[in-house]
Structures are given as C-alpha cells and as structure tokens.
Amino acid sequence: MDSSFQRDDLDNQILTALMEDARTPFAELAKRFNVSAGTIHVRVEKMKQAGIITGAQITVNPKALGYDVCCFIGINLKSAGDYPSAIAKLNALEEVVEAYYTTGNYSVFVKVMCQSIDGLQHVLINRIQSIDEIQSTETLISLQNPIVRAVKP
C-alpha cells in the first residue's frame with residue numbers, strides 16, 4: 001500500500017463515478033473526463049496500490065433474499081484479552097455481517113441479519129450468548145435503514 005499517494009480532482013471524479021457504477025468502462029470514463037482510457041487505467045491502478053480502491057462488488061437487497069430482521073448487538077466481553085477469540089467465533093457465524101471493536105458501553109458491536117425473529121432468537125441464545133468469552137449482550141432491532149451511503153472521495 002502506497003501511503004504517499006495524493007488524490008487530485010480527477011481521481012475523486014473517477015472514484016465517484018466508479019462508486020456509482022463499478023462496471024463503467026474506462027473508455028466511457030475517459031470520454032466523460034476528457035482524458036485517455038490509459039489515463040483512467042493508470043489512475044485506477046495507482047488508487048488500488050494506495051489501498052483506496054480495495055475491490056468492486058455488487059450490492060444485494062437482504063429483504064429480497066429473505067432476511068427480514070436486521071439488528072445490532074452490543075457485546076460485553078469477560079476481559080479485554082478475550083477479544084481475539086471472541087471475534088474469531090463471531091466471524092464463524094454467517095448471520096454476523098459486520099463487527100466493530102468500540103469504545104463506550106460495549107467491547108464489540110455487531111450487525112446481525114436473520115430471516116425471522118425466531119431465527120434471531122436462535123442465533124442470539126444458542127450461538128452468540130453461548131460464546132464463553134461473552135459476558136453480556138444488548139440487542140437493538142432495526143426498524144428502518146433510511147440512510148445508506150459511502151464516504152465521498
């Protein structure tokens with residue numbers, strides 16, 4: 001990763017365009033920004049090397065896949081030293097889609113997606129709360145997700 005890389009306006013425009021549609025051809029971006037396709041390619045490669053671009057992905061709608069319950073679980077660990085093994089065990093649970101090591105009331109904050117409340121209850125009781133390193137949990141069920149956006153370049 002190249003930490004000395006300095007973005008300019010063209011890099012930011014390329015990032016913005018690719019964040020909107022990662023499948024946009026370099027030739028189309030070149031026309032839009034009045035540069036060559038080679039310039040776009042070089043800029044993208046430099047941003048990859050700098051660790052700014054880490055991949056391209058599609059976004060799916062969890063509800064369309066049957067995941068109707070989204071919740072956040074604040075987790076208190078028995079001790080700070082339990083963090084690595086607790087994270088490894090949480091990572092093994094497919095319902096845990098994000099995890100954050102945090103300051104404040106919880107040691108770890110996770111986002112969990114389940115197909116139903118019954119499914120959430122099973123995951124919470126039988127899979128998460130049964131992890132030895134976890135002392136306690138607090139679950140917050142999401143009712144809506146009205147704001148979803150990536151950071152701006």
Side-chain angles (χ1 to χ4, degrees), residues 1-24 26 29 40-153:
M1 186 159 55
D2 179 8
S3 61
S4 66
F5 179 78
Q6 296 292 315
R7 289 187 337 266
D8 62 15
D9 287 339
L10 178 58
D11 295 318
N12 289 338
Q13 291 174 327
I14 293 167
L15 280 173
T16 299
L18 291 175
M19 288 169 66
E20 290 172 7
D21 183 359
R23 298 183 319 169
T24 306
F26 288 178
L29 294 176
I40 300 294
H41 176 75
V42 167
R43 296 291 186 111
V44 168
E45 287 304 313
K46 284 184 178 181
M47 288 188 278
K48 285 180 181 178
Q49 290 172 2
I52 294 168
I53 296 175
T54 58
Q57 62 190 34
I58 61 168
T59 304
V60 297
N61 178 349
K63 286 193 179 285
L65 296 174
Y67 290 89
D68 290 327
V69 178
C70 171
C71 72
F72 299 89
I73 302 174
I75 298 172
N76 290 307
L77 300 175
K78 290 179 180 173
S79 75
D82 289 333
Y83 175 74
S85 58
I87 287 297
K89 291 175 183 177
L90 289 165
N91 190 39
L93 305 178
E94 66 183 33
E95 296 87 359
V96 176
V97 297
E98 294 180 28
Y100 300 89
Y101 189 37
T102 63
T103 62
N105 293 332
Y106 307 109
S107 306
V108 179
F109 207 68
V110 296
K111 180 178 178 181
V112 173
M113 297 295 299
C114 294
Q115 293 185 331
S116 66
I117 292 293
D118 289 340
L120 171 59
Q121 181 178 348
H122 172 76
V123 168
L124 188 59
I125 293 170
N126 300 314
R127 302 186 77 198
I128 293 176
Q129 291 176 340
S130 68
I131 295 173
D132 290 335
E133 293 83 355
I134 293 178
Q135 178 179 351
S136 63
T137 64
E138 181 177 0
T139 303
L140 306 159
I141 295 176
S142 172
L143 301 176
Q144 285 185 346
N145 188 6
I147 301 171
V148 178
R149 62 176 159 237
V151 296
K152 291 198 176 242

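The salt bridge (charged side-chain N to carboxylate O under 4.0 Å, His left out) search around Glu138 returns none, not counting sequence neighbours.
In this structure, the side chains of Leu29 and Leu18 come closer than 4.5 Å at one or more pairs of heavy atoms. Contact annotation: the side chain of Val108 never approaches that of Ile134 to less than 4.5 Å [non-hydrogen atoms, C-beta and beyond]. Residues Leu90 and Ile75 are in side-chain contact: their nearest non-hydrogen atoms beyond the backbone lie under 4.5 Å apart. Side-chain contact check for Lys46 versus Phe5: some heavy-atom pair is nearer than 4.5 Å. Side-chain contact between Ile128 and Val112 is present, with at least one heavy-atom pair separated by less than 4.5 Å. Side-chain contact check for Ser107 versus Gln135: every heavy-atom pair is 4.5 Å or farther apart.
Summarising the geometry, atom NZ belonging to Lys111 is positioned 13.5 Å from atom CG belonging to Leu140; distances are rounded to the nearest 0.5 Å. We find the CG-CG distance between Leu10 and Leu15 to be 9.5 Å, quoted to the nearest 0.5 Å. Distance check, rounded to the nearest 0.5 Å: CD of Gln129 to CZ of Arg127 gives 13.5 Å. The OG1 atom of Thr139 sits 4.0 Å away from atom CG of Leu124, with the distance rounded to the nearest 0.5 Å. Note: Arg43 CZ to Ile14 CD1 = 6.0 Å, rounded to the nearest 0.5 Å. Rounded to the nearest 0.5 Å, atoms CG (Asp11) and CD1 (Ile40) are 9.0 Å apart.
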* To do: Test Lys89 against Asp82 for salt bridge (Lys or Arg N to Asp or Glu O under 4.0 Å), laying out the working first.
  => CA-CA 11 Å; Lys89 291 175 183 177; Asp82 289 333; over 6 Å; no
* Derivation of the side-chain contact (heavy atoms from CB on, under 4.5 Å) call for Lys78 and Glu133 -> CA-CA 6 Å; Lys78 290 179 180 173; Glu133 293 83 355; 5.8 Å; no
* Would you please test Tyr106 and Asn76 for side-chain contact (heavy atoms from CB on, under 4.5 Å) and show each step? => CA-CA 5 Å; Tyr106 307 109; Asn76 290 307; 4.0 Å; yes
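Residue Ala22 comes nearest to Ala56 through the heavy atom pair CB-CB, 4.0 Å, listed as atom of the first residue, atom of the second, then distance. Residues Cys114 and Glu95 approach most closely at SG-CG, 4.2 Å, considering heavy atoms. Summarising the geometry of Met19 relative to Val151, their closest heavy-atom pair is CE-O, 3.0 Å, with the distance given to 0.1 Å.
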Throw together a table of side-chain donor-acceptor distances under 3.5 angstrom for residues 61-72, partners on residues two or more places apart or in other chains.
{"residue": "Asn61", "atom": "OD1", "partner": "Lys63", "partner atom": "N", "Å": "3.0"}
{"residue": "Lys63", "atom": "NZ", "partner": "Asp68", "partner atom": "O", "Å": "3.4"}

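For Asp8, the CG atom sits in a packed shell: over 12 heavy atoms of surrounding residues, nucleotides or ligands are nearer than 6.0 Å. Within a 6.0 Å sphere centred on CD of Gln57, other residues, nucleotides and ligands contribute 12 heavy atoms or fewer.
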